Each structure stands twice: as C-alpha cells, then as structure tokens.
Number of protein chains: 2
Amino acid sequence: MRDDPHEALPAVSDDRSPDLRVGAFQGVRAARRNELAEDYVELIAELIHMQGEARPVDIAASLGVKVPTVSKTLDRLSREGLITRAKYRSVFLTEEGRALAKECRRRHEIVLRFLISLGLDPETAERDAEGIEHHVSERTLALFSAFANRS
Amino acid sequence: MRDDPHEALPAVSDDRSPDLRVGAFQGVRAARRNELAEDYVELIAELIHMQGEARPVDIAASLGVKVPTVSKTLDRLSREGLITRAKYRSVFLTEEGRALAKECRRRHEIVLRFLISLGLDPETAERDAEGIEHHVSERTLALFSAFANRS
DNA sequence: GCGGATTTATAGCCTTGTCTAACATTTCGC
DNA sequence: GCGAAATGTTAGACAAGGCTATAAATCCGC
Ligand SMILES: [Mn+2]
Ligand SMILES: [Mn+2]
Ligand SMILES: [Mn+2]
Ligand SMILES: [Mn+2]
C-alpha cells in the first residue's frame with residue numbers, strides 16, 4: 001500500500017483500547033463546545049481590567065471577527081449566565097463568568113509559561129497556548145506548572 | 001473589585017501586543033475548522049490499517065456519534081477531496097487524505113509520547129493529546145519530540 | 001445641543017455538526 | 001437463496017458561529 005500513514009512509526013497508541021478512545025473523542029467534543037465561551041470571558045475580563053470596560057467593538061477587534069458575530073455570541077453567553085448586558089451598553093461578567101474567566105486565565109498563563117520555558121518563542125507560544133489551553137486536563141496543568149517552575 | 005480574574009498573577013501575557021493576539025485567535029479559528037476532518041482521516045487510516053476497511057458504523061462507534069452524523073461528515077470530506085466513497089460501501093482515503101492522515105498521526109504520536117514522558121498517565125495523555133494535537137505548531141512539535149527523546 | 005461619526009442591534013443568509021425517524025441496501029445464518 | 005439483522009442513506013430539525021446589509025442608538029466635537 002502506497003504511503004500508508006502507519007508505516008514504521010513507534011506505535012505508542014496502536015494498542016490503545018477502543019472504548020478509551022471513544023471517551024477521548026467525547027471529551028474533546030465537550031471541550032470544543034466551551035472553547036469560544038472561554039475565550040470570550042477571558043477576553044472580557046482582560047478588557048475590563050485594561051480599559052475599564054468591555055465593548056463589543058473591542059471584543060470584535062481583539063478576536064478578529066465582525067461586531068454582529070460578537071453580538072450574537074454575547075446573547076448566548078448572556079443566556080448561559082456568564083455575562084450581563086444592557087442594550088447599547090458594554091458587557092459585564094456575572095459571578096459565574098468571573099469564575100470561569102479566572103480559571104481560563106490561569107490555564108492560559110500556565111500553558112504559556114510552560115511553552116516558553118520549553119524554549120518556544122513568545123509569539124508562537126501565544127498562538128499555541130490560545131488553542132491548547134482548552135484541552136489540558138488539571139493533571140497536565142500540574143505537570144506543566146512543575147516543569148516551568150523547575151526550569 | 002470582588003474576585004478579579006486579574007489578581008496577583010505573574011503576568012506573562014499581560015503585555016502581549018493586541019494585534020499579536022488577533023493573529024493568535026485567527027489561527028486558532030482556522031485550526032478549529034480542520035479539527036474534525038483531521039480526526040476523521042486519522043481514524044479512517046487507522047481502521048483501514050487495523051480492520052482492512054473503514055465502515056461508517058465503525059467510525060461512528062469509535063467517535064461516539066451516530067451513523068448519520070458520520071455519513072454527513074463523510075459527504076463533506078468527499079467534497080473536499082480527502083476521501084472517496086461509493087454508496088453502501090466503506091470509505092477510502094485519497095492521496096491527499098492519506099497525506100493528511102499521516103501528518104495527523106505523526107502529530108498525535110509526538111504529543112502523546114511527550115505527555116507520557118512528562119509523567120502523565122496514558123489515559124489522560126490520550127484524552128489531552130486528542131485535543132492538543134490540532135493546536136501545536138511545528139516548532140512546538142520539535143520541542144516536544146526533543147524532550148521525549150531526551151528523557 | 002446638533003449633526004456626523006461611531007457603536008450597537010437586528011434580520012437574514014450560509015455552513016457545520018449533532019440528532020431522530022424513516023427508508024434502502026447489504027450481509028449473514030440457516 | 002430467503003428472510004431477518006445489520007448497515008447505510010436521506011430528510012428534516014436544531015443550535016452555533018461566521019458573514020453582510022440595514023436600522024437604531026449613543027457619543028463627541030464644535
Ligand atoms: Mn483560547
Ligand atoms: Mn486564552
Ligand atoms: Mn484529535
Ligand atoms: Mn488524533
């Protein structure tokens with residue numbers, strides 16, 4: 001078979017049990033459903049910290065999407081109890097939103113510091129951290145933390 | 001301010017430039033659009049390798065989703081030139097699909113081996129790797145590889 | 001405090017990804 | 001090789017996340 005993806009690689013994962021993998025995929029799908037909300041609340045917290053308020057126009061500029069996209073997503077976050085908003089006003093985090101933001105910022109920081117301590121340049125580290133942060137378990141975070149502190 | 005997410009944390013990322021962050025978010029959104037296709041082709045390659053063929057029912061069981069979900073996604077992958085399929089028959093990878101599968105398997109292996117070499121248990125490593133693999137740059141992979149080999 | 005610039009909201013379109021229900025085809029045991 | 005079981009397809013619902021176009025509200029400079 002030409003170009004078999006399974007040619008001569010040390011097969012760490014070839015013998016993983018099927019149902020274990022199902023769980024992994026289900027976990028990843030669950031994580032994916034929260035990614036955007038996590039990025040939003042983390043960003044909103046940062047904007048409030050930095051600028052005093054979080055306006056849709058600034059959220060949109062930071063994320064690189066259009067304002068109506070932000071508006072629609074904010075509606076969902078509001079429905080889900082993570083933010084409060086009044087028409088034509090800037091956005092606030094609920095208690096729950098602040099808690100999530102804090103957790104996200106912590107994860108983001110740990111992943112970022114870890115990648116940098118591994119030797120990665122800060123720009124790439126930031127890009128990778130922005131994606132990885134949503135997929136690291138608490139155990140992995142502990143190991144990342146330990147490594148970064150120890151090096 | 002009660003429970004400010006920005007309380008007293010070593011602020012590695014507080015001074016990151018705004019436009020740098022926009023790029024990070026854009027990159028992550030791009031990566032997110034490919035995640036599912038990557039998981040599918042990697043899995044299809046593995047099923048073909050292990051079972052001789054990749055049937056929708058097995059893909060569905062492995063991913064933990066329903067068969068019609070798989071069917072619809074396979075239509076997209078076919079449209080995108082990653083697989084070929086005939087009605088009521090199992091699925092094949094195109095050249096392009098095989099190339100992507102190989103790349104994904106490589107990333108998956110590297111991330112998994114790295115996490116395990118860091119000290120993570122295999123189950124958690126598998127779960128985290130399944131999500132992280134889609135968000136690691138080539139640079140990060142190189143560092144992961146080096147670390148795993150060195151330890 | 002008016003009027004133009006900026007910001008926000010709404011409506012509507014498109015794609016993706018999930019599901020269930022119903023139907024079609026293939027496979028398998030006998 | 002028949003009929004039931006298994007598998008695959010299709011249709012249609014729904015939510016999310018992106019967009020553009022348009023309308024409404026707010027803000028700001030004068
Ligand atoms: Mn992120
Ligand atoms: Mn983040
Ligand atoms: Mn994956
Ligand atoms: Mn994978």
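Each chain gets a letter, A, B and so on, in the order its sequence line appears, and its residues count up from 1. Because the structure is predicted, anything quoted here is derived from the model rather than measured.
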Write down the distance between [atom1] ([X]) and [atom2] ([N]), rounded to a whole number of angstrom.
| X | N | atom1 | atom2 | value |
| --- | --- | --- | --- | --- |
| B/L74 | D/dT7 | CG | P | 16 Å |
| B/K87 | C/dC23 | NZ | P | 16 Å |
| B/K66 | C/dA21 | NZ | P | 11 Å |
| B/L36 | C/dG17 | CG | P | 5 Å |
| A/E53 | D/dC27 | CD | C1' | 12 Å |
| B/I83 | D/dG8 | CD1 | P | 13 Å |
| A/R76 | D/dC14 | CZ | P | 19 Å |
| A/D75 | D/dG17 | CG | C1' | 13 Å |

*Side-chain N or O of B/S71 less than 4.0 angstrom from OP1 or OP2 on D/dG8?*
no
*For A/T73 and D/dG17, is the shortest distance between a side-chain N/O and OP1 or OP2 below 4.0 Å?*
no
From [options], nucleotide with atom closest to [X] side chain:
| X | options | result |
| --- | --- | --- |
| B/R85 | D/dT9, C/dC19, D/dT26 | D/dT9 |
| A/R89 | D/dT26, D/dG8, C/dT18 | D/dT26 |
| A/R55 | C/dT16, C/dT8, D/dT9 | C/dT8 |

*Residue from A/E133, A/E38, A/E138 passing salt bridge (Lys or Arg N to Asp or Glu O under 4.0 Å) with A/R107*: A/E38
*Using salt bridge (Lys or Arg N to Asp or Glu O under 4.0 Å) as the criterion, point out the one residue from A/R29, A/R21, A/R32 that pairs with B/D39.*
A/R32
*Check: B/F114 and A/L118 side chains under 4.5 Å, non-hydrogen atoms*: yes
*asked:* Taking side-chain contact (heavy atoms from CB on, under 4.5 Å) as the criterion, tell me which of A/D58, A/L82, A/V91 meets it with A/I44.
replied: A/V91
_Please compare B/P68 and B/E80 by the position of their nearest nucleotide in DNA chain C and report the one closer to 5'._
B/E80
When all nucleic acid strands are considered with a 4.0 Å heavy-atom cut-off, which category describes [X]: base, sugar-phosphate, or nothing?
| X | answer |
| --- | --- |
| B/R33 | nothing |
| B/R32 | nothing |
| B/V67 | base |
| B/K72 | base |

*asked:* Between the side chains of B/E53 and B/R89, is the shortest nitrogen-to-carboxylate-oxygen separation below 4.0 Å, so that they form an ion pair?
replied: no
